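All values reported here derive from a predicted model rather than from experimental measurement. Lettering of chains follows the sequences in order, A, B, ..., and the numbering in each one begins at 1.
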There are 2 protein chains.
Amino acid sequence: MELESVLDELRAKGYKLTPQRIEIVKALVEERYEHPSLNRLLERVREKAPTISFSTLYTTLKMLEELGYVRLFYLKGETRVEVNLDPHINVVNLRTGDVEDLVDEEAMEALRRALERAGIRGRPTIVNVMVE
Amino acid sequence: MELESVLDELRAKGYKLTPQRIEIVKALVEERYEHPSLNRLLERVREKAPTISFSTLYTTLKMLEELGYVRLFYLKGETRVEVNLDPHINVVNLRTGDVEDLVDEEAMEALRRALERAGIRGRPTIVNVMVE
DNA sequence: GTATCTGCAAACCATTTGCATAGAT
DNA sequence: ATCTATGCAAATGGTTTGCAGATAC
């Protein structure tokens with residue numbers, strides 16, 4: 001996720017580039033590998049745009065999800081944001097809730113083969129490995 | 001998950017074997033590979049025990065999770081039940097919400113090696129492969 | 001007989017939505 | 001000037017909890 005290219009696409013599609021949206025996208029770029037919760041992200045964005053509401057953050061993230069920039073997922077009672085949508089592995093610590101990106105082409109390839117053996121159509125995207 | 005062995009353990013630990021609990025465990029055994037939602041399971045149990053409340057189902061599942069018989073997880077806004085806790089792959093269809101078990105030792109082994117390469121401690125348990 | 005369990009109903013709480021005002025273009 | 005976006009505050013809805021009566025033991 002690149003700051004300028006996202007802002008360009010939003011502009012091109014007619015979305016208004018409000019300070020709130022700009023700060024949200026900036027925060028997403030910076031927290032790209034952190035899988036932040038909505039409230040963590042809100043806190044983060046408020047450092048630069050103190051008046052931003054949860055509501056604005058929320059609708060903006062839904063919009064970005066629609067546009068294919070992020071994916072929202074649920075873990076331990078809260079919504080979290082996946083910014084890296086390249087196929088990869090998330091190592092999810094079930095005890096702490098930490099999520100760590102793991103890029104490993106060998107494992108991804110083994111998974112693709114397993115899906116193929118099982119006759120499953122569709123590409124694997126994110127793989128969440130629960131670790132305890 | 002075996003019906004009799006679960007009931008035996010509950011008895012042994014001093015839990016009362018109410019008709020509701022027995023029907024819940026039976027339903028879990030039958031729906032073992034279905035990853036049912038709480039409401040699906042409630043519907044299912046009510047076929048045999050029509051008066052059972054959501055509350056009883058809920059507290060019973062929490063108890064069974066505590067005892068290590070099931071794991072609860074969230075998908076598309078609702079809680080679902082994983083009965084098969086052997087390490088394996090869940091193929092999660094992000095569009096439909098369907099979850100399908102996939103046992104593939106080769107892929108699991110590749111994932112274990114990937115975790116090891118990355119220096120991650122802890123055993124992989126359930127692996128959710130998001131497919132779209 | 002008694003300690004636990006059930007089921008009702010209320011509480012909870014993160015998310016989702018409606019809407020009047022503010023602001024980007 | 002116009003049309004979209006913000007932020008407040010209320011609604012939603014699945015989950016969680018308190019408790020009086022019921023029940024397994």
Side-chain angles (χ1 to χ4, degrees), chain A residues 6-28 35-67 69-82 97, chain B residues 6-27 35-67 70-82 97:
Chain A
V6 178
L7 297 184
D8 283 350
E9 178 170 348
L10 294 182
R11 235 188 308 266
K13 297 206 161 149
Y15 292 99
K16 293 181 180 170
L17 289 192
T18 63
Q20 292 89 335
R21 284 178 174 169
I22 293 170
E23 289 307 325
I24 289 170
V25 176
K26 277 190 191 168
L28 287 172
H35 310 85
S37 68
L38 296 190
N39 282 319
R40 167 81 186 94
L41 203 54
L42 184 61
E43 204 178 274
R44 186 70 195 59
V45 172
R46 279 190 170 152
E47 291 172 9
K48 298 289 172 55
T51 72
I52 196 174
S53 65
F54 182 87
S55 172
T56 295
L57 174 68
Y58 177 79
T59 53
T60 302
L61 284 172
K62 285 293 190 184
M63 174 195 89
L64 292 173
E65 184 175 42
E66 204 68 28
L67 293 174
Y69 283 117
V70 301
R71 176 170 298 152
L72 304 179
F73 66 103
Y74 226 78
L75 188 61
K76 288 180 150 232
E78 59 183 7
T79 300
R80 300 179 60 166
V81 186
E82 172 72 77
Chain B
V6 178
L7 297 185
D8 283 349
E9 177 169 348
L10 294 182
R11 235 187 309 265
K13 296 206 161 147
Y15 291 99
K16 293 181 178 169
L17 289 193
T18 64
Q20 292 87 338
R21 284 179 175 169
I22 293 170
E23 289 307 325
I24 290 170
V25 177
K26 277 191 192 169
H35 308 87
S37 68
L38 296 191
N39 282 318
R40 167 82 186 93
L41 204 53
L42 183 62
E43 203 177 275
R44 184 71 195 59
V45 172
R46 279 189 171 154
E47 291 172 10
K48 297 289 173 54
T51 72
I52 197 175
S53 66
F54 182 88
S55 171
T56 295
L57 174 67
Y58 177 79
T59 52
T60 301
L61 284 171
K62 285 293 191 184
M63 174 196 90
L64 292 172
E65 184 175 42
E66 204 68 28
L67 293 174
V70 301
R71 177 171 297 153
L72 304 179
F73 65 104
Y74 227 79
L75 187 62
K76 290 181 148 230
E78 58 183 7
T79 301
R80 299 178 62 166
V81 187
E82 172 72 77

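Atom-to-atom, CG of B/Leu72 to P of D/dT16 comes out at 8 Å; the value is rounded to the nearest Å. As a whole-Å value, the separation of B/Ile22 CD1 from D/dA24 P is 9 Å. Spacing between atom OH of A/Tyr58 and atom P of C/dT15 amounts to 8 Å, rounded to whole angstrom units. For the pair B/Lys62 NZ and D/dG14 C1', the computed distance is 12 Å after rounding to whole Å. Rounding to whole angstrom units, NZ of residue B/Lys76 and C1' of D/dT15 are separated by 20 Å. As rounded to whole Å, 14 Å separates atom P of D/dT6 from atom CZ of A/Arg46. Rounded to an integer number of Å, the gap from B/Phe54 CZ to D/dT15 C1' is 6 Å. Remark: C1' of C/dC13 and OH of B/Tyr74 are 10 Å apart, rounded to the nearest angstrom.
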Would you tabulate the pairs of protein nitrogen or oxygen atoms and nucleotide nitrogen or oxygen atoms of nucleotides 5-7 of chain C closer than 3.5 angstrom?
residue : atom : partner : partner atom : Å
C/dC5   : OP1  : B/Arg21 : NH1          : 2.6
C/dC5   : OP1  : B/Arg21 : NH2          : 3.1
C/dC5   : O5'  : B/Arg21 : NH2          : 3.3
C/dT6   : OP1  : B/Thr18 : OG1          : 2.5
C/dT6   : O3'  : B/Gln20 : NE2          : 2.9
C/dG7   : OP1  : B/Gln20 : NE2          : 3.2
C/dG7   : OP1  : B/Thr51 : O            : 3.2
C/dG7   : OP1  : B/Thr51 : OG1          : 2.8
C/dG7   : OP2  : B/Ser53 : N            : 3.2
C/dG7   : OP2  : B/Thr56 : OG1          : 3.2
C/dG7   : N7   : B/Ser55 : OG           : 3.3

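For the atom pair B/Lys13 NZ and B/Asp8 CG, the distance stands at 12.5 Å (nearest 0.5 Å). Expressed to the nearest 0.5 Å, how far CD1 of B/Ile22 lies from OG1 of B/Thr60 amounts to 11.5 Å.
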Let me check something: any side-chain donor-acceptor pairs from residues 50-59 of chain B under 3.5 Å, sequence neighbours excluded? List them with distances.
residue : atom : partner : partner atom : Å
B/Ser53 : OG   : B/Thr56 : N            : 3.1
B/Ser53 : OG   : B/Thr56 : OG1          : 3.1
B/Thr59 : OG1  : B/Ser55 : O            : 3.1
B/Thr59 : OG1  : B/Thr56 : O            : 3.2

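What you find for A/Gly97 and A/Leu75 is that their closest heavy atoms are O-CD2, 3.6 Å. Across all non-hydrogen atoms, the minimal contact from B/Arg21 to B/Lys16 is NH1-O, 3.0 Å.
When each of B/Asn39 and B/Leu17 is assigned the nucleotide of DNA chain D bearing its nearest heavy atom, the one mapping closer to the 5' terminus is B/Asn39.
For A/Glu66, the CD atom sits in a loose shell: 12 or fewer heavy atoms of surrounding residues, nucleotides or ligands are nearer than 6.0 Å.
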